[in-house]
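Residue numbers begin at 1 in each chain, while the letters A, B, ... track the order of the sequences.
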There are 2 protein chains.
Amino acid sequence: MLSISPKSQNMRRTKEEAEQTRNAILEAAVDVFTEKGVARATLEQIAKAANVTRGAVYWHFKNKTDIFMALHDELHRPFIQDLVDGLENTDDDPLESLKSYCIEMVTRIEDDLYLRRVLSLFLLKCDYTGSLQVCQERTIDARREKSEVLSKFFEKAQSRGTLSADLDPKTLTLALSCFIRGIAMEYLENPDSFSIREEAPKLFNVFFRKWN
Amino acid sequence: MLSISPKSQNMRRTKEEAEQTRNAILEAAVDVFTEKGVARATLEQIAKAANVTRGAVYWHFKNKTDIFMALHDELHRPFIQDLVDGLENTDDDPLESLKSYCIEMVTRIEDDLYLRRVLSLFLLKCDYTGSLQVCQERTIDARREKSEVLSKFFEKAQSRGTLSADLDPKTLTLALSCFIRGIAMEYLENPDSFSIREEAPKLFNVFFRKWN
DNA sequence: GACAACATACATACATGAATGTATTTTAAA
DNA sequence: TTTAAAATACATTCATGTATGTATGTTGTC
């Protein structure tokens with residue numbers, strides 16, 4: 001967690017220091033949001049966790065929703081984008097590389113503690129009613145993009161004969177999306193119930209077993 | 001939505017009328033919770049939706065958490081129990097009956113509007129931080145019970161030779177749980193993105209395709 | 001390069017509303 | 001008569017947003 005420089009209070013910061021403050025607030029927000037839940041988290045708690053006052057928070061952000069959306073933009077969408085990129089940069093056996101990419105990706109959820117917190121925040125610690133609805137609508141676009149990339153994988157596999165032609169790529173895409181989502185949800189909700197690192201290879205072996 | 005009998009306000013009700021009032025409050029709570037989200041919903045809104053005052057609400061329930069837990073007990077856990085029962089009452093080809101049961105179950109999510117609202121409420125419209133944490137802990141037990149029933153299915157299939165012996169029933173159970181969860185989440189979050197009624201058979205055909 | 005003029009980056013103080021919980025009252029059922 | 005099932009009234013808390021203060025960074029000007 002970033003902590004702003006120990007200037008005696010109420011001294012004007014330089015541009016870089018201000019940027020640091022902004023980041024500290026965002027990081028503090030992740031902590032407070034995941035601990036209290038977005039709805040129950042107060043700006044006072046976030047400010048305190050970032051070692052600033054609510055004044056600083058209101059300087060950098062309009063309100064709680066604005067903070068959440070900033071996090072959403074900076075963390076969630078890049079995550080999906082990263083996923084898309086990872087999918088596009090594979091060119092050998094499509095299904096095999098897709099499989100190992102999936103395993104790698106969900107394993108990161110267990111290994112990368114920060115990713116885990118952030119995903120938990122967006123998937124578990126908030127509901128997208130009210131002012132947060134717009135965030136969800138934005139991710140829908142990103143998800144459709146993701147689905148299109150996935151589809152191409154299955155199509156490529158079909159054209160190479162690795163995948164039976166009578167299976168619908170759209171269906172497989174939907175199935176895989178649901179599967180990944182379910183794994184993430186079940187793990188985040190109860191991380192002690194199973195180890196992704198151990199189970200992910202088995203799980204995706206089940207999903208990607210002989211298709212033709 | 002139940003509406004209590006049109007007695008001129010402030011008349012004492014009979015026991016049955018009181019029970020009706022309680023139910024009206026619970027039904028109103030489902031509506032308000034799903035529309036506003038549990039955190040943003042107020043007791044005033046719930047009372048108004050049930051055609052009573054906050055006084056009635058506080059007579060029947062301690063607070064908002066108490067209402068939520070009552071709903072949780074009356075709706076969510078029976079749903080899981082129903083699932084367990086449905087699984088136990090099949091005795092022919094285990095995998096085939098498991099498959100059709102899965103299809104039936106998720107299809108209900110699209111067809112049964114009330115089920116949809118309730119599931120949406122518990123899966124999407126609340127976060128289980130703070131006072132709602134206990135609810136989540138309770139479902140964890142129910143889920144483990146569900147998993148054990150599922151496991152037995154795969155074990156039975158193995159003993160009958162329908163399922164390769166080198167596949168771990170535990171893994172298959174986890175996979176199926178995640179898959180179902182993911183389907184429910186994706187659909188509830190964006191019901192327009194696909195039709196469960198059309199896709200469920202295809203999806204579970206993918207999952208349950210030749211195992212041996 | 002010094003200095004005024006201004007903008008920036010906050011902290012502090014305050015006003016407000018909204019939701020909650022409780023205390024009191026009302027009416028009729030038991 | 002007592003008590004259940006509410007309605008009504010009230011006090012309190014709490015988070016929010018905003019207004020204001022303030023000291024310093026920044027920038028144009030000479």
Side-chain angles (χ1 to χ4, degrees), chain A residues 2-26 28-29 32-33 35-70 126 129-132, chain B residues 2-26 28-29 32-33 35-70 126 129-132:
Chain A
L2 287 182
S3 195
I4 61 169
S5 58
K7 284 194 175 178
S8 63
Q9 58 185 17
N10 214 8
M11 294 179 71
R12 187 180 163 193
R13 324 288 163 125
T14 67
K15 274 181 190 289
E16 302 110 53
E17 284 173 326
E19 184 64 20
Q20 247 184 308
T21 303
R22 199 188 117 100
N23 289 334
I25 292 170
L26 286 177
V32 177
F33 281 164
E35 268 157 51
K36 310 268 177 178
V38 174
R40 296 163 42 88
T42 79
L43 297 187
E44 176 72 35
Q45 294 167 336
I46 293 174
K48 208 161 271 176
N51 259 356
V52 293
T53 63
R54 269 174 54 245
V57 175
Y58 273 103
W59 173 255
H60 288 283
F61 304 97
K62 265 182 62 186
N63 48 35
K64 195 162 72 175
T65 304
D66 199 32
I67 298 179
F68 184 85
M69 288 178 61
C126 66
T129 53
S131 54
L132 270 55
Chain B
L2 287 181
S3 195
I4 60 169
S5 58
K7 285 194 174 178
S8 63
Q9 60 186 14
N10 214 7
M11 294 179 73
R12 186 180 167 194
R13 322 291 162 124
T14 67
K15 272 184 190 290
E16 302 108 53
E17 284 173 324
E19 184 64 21
Q20 247 184 308
T21 304
R22 199 189 117 99
N23 289 334
I25 292 169
L26 286 177
V32 178
F33 281 164
E35 267 157 51
K36 311 268 177 178
V38 174
R40 296 164 41 89
T42 79
L43 297 186
E44 177 71 35
Q45 293 167 335
I46 293 174
K48 207 161 271 176
N51 259 356
V52 293
T53 63
R54 269 172 54 244
V57 176
Y58 273 103
W59 173 256
H60 287 283
F61 303 97
K62 266 181 61 186
N63 47 36
K64 193 161 73 173
T65 304
D66 198 33
I67 299 178
F68 184 85
M69 287 178 61
C126 65
T129 53
S131 52
L132 270 56

(message) With salt bridge (Lys or Arg N to Asp or Glu O under 4.0 Å) as the rule and sequence neighbours excluded, what pairs involving residues 46-68 of chain B come up?
(response)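 Residue pairs with at least one partner in residues 46-68 of chain B: B:Glu44-B:Lys48.
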
Specify the separation, in whole Å, of atom [atom1] of [X] and atom [atom2] of [N].
X	N	atom1	atom2	value
B:Glu44	D:dT8	CD	P	11 Å
B:Arg22	D:dA5	CZ	P	12 Å
A:Ile67	D:dT16	CD1	P	9 Å
B:Ile25	D:dA6	CD1	P	7 Å
A:Asn51	C:dC10	CG	P	13 Å
A:Glu19	C:dT8	CD	P	15 Å
B:Lys36	C:dA19	NZ	C1'	14 Å
B:Gln20	D:dA4	CD	P	20 Å

(message) I want to verify a distance call: between C:dA9, C:dA13, C:dG21, whose nearest atom is closest to the A:Arg54 side chain?
(response)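 Nearest listed nucleotide: C:dA13.
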
(request) Just compare C:dT20, D:dA7, D:dT16 and give me whichever is closest to any side-chain atom of B:Leu43. (result)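 The nucleotide sitting nearest to the side chain is C:dT20.
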
(request) Write down the atom of B:Ala70, the atom of B:Leu26, and the distance for their closest heavy-atom approach. (result)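 Closest heavy-atom pair between B:Ala70 and B:Leu26: CB-CD2, 4.1 Å.
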
Report yes if some heavy atom in the side chain of [X] is under 4.5 Å from a heavy atom in the side chain of [Y]; otherwise report no.
X	Y	answer
B:Thr21	B:His60	yes
B:Val57	B:Ile67	yes
A:Phe61	A:Leu43	no

(request) Just jot down the ring-ring contact (aromatic ring centres under 6.0 Å, His included) partners of A:Tyr58, sequence neighbours excluded, or say none. (result)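 Once residues adjacent in sequence are excluded, A:Tyr58 has no partner under the ring-ring contact (aromatic ring centres under 6.0 Å, His included) criterion.
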
(message) Looking at C:dC10, I'd like to know if its phosphate oxygens (OP1 or OP2) sit under 4.0 Å from a side-chain N or O belonging to A:Thr21.
(response)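 True: A:Thr21 side-chain N/O within range (under 4.0 Å) of C:dC10 OP1/OP2.
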
(request) Please list, by residue number, the residues of residues 55-65 of chain B whose heavy atoms come closer than 4.0 Å to an atom of DNA chain D; answer none if no residue qualifies. (result)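 Within this stretch, B:Gly55, B:Ala56, B:Trp59, B:His60 sit under 4.0 Å of the strand.
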
(request) Would you mind classifying the nucleic acid contact of A:Thr53 as base, sugar-phosphate or nothing, using non-hydrogen atoms under 4.0 angstrom? (result)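 Base: the residue A:Thr53, judged by heavy atoms under 4.0 Å, touches a nucleobase.
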
(message) With rounding to the nearest 0.5 angstrom, report the SG to CZ distance, B:Cys126 to B:Phe68.
(response)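 Result: 4.0 Å between the selected atoms.
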
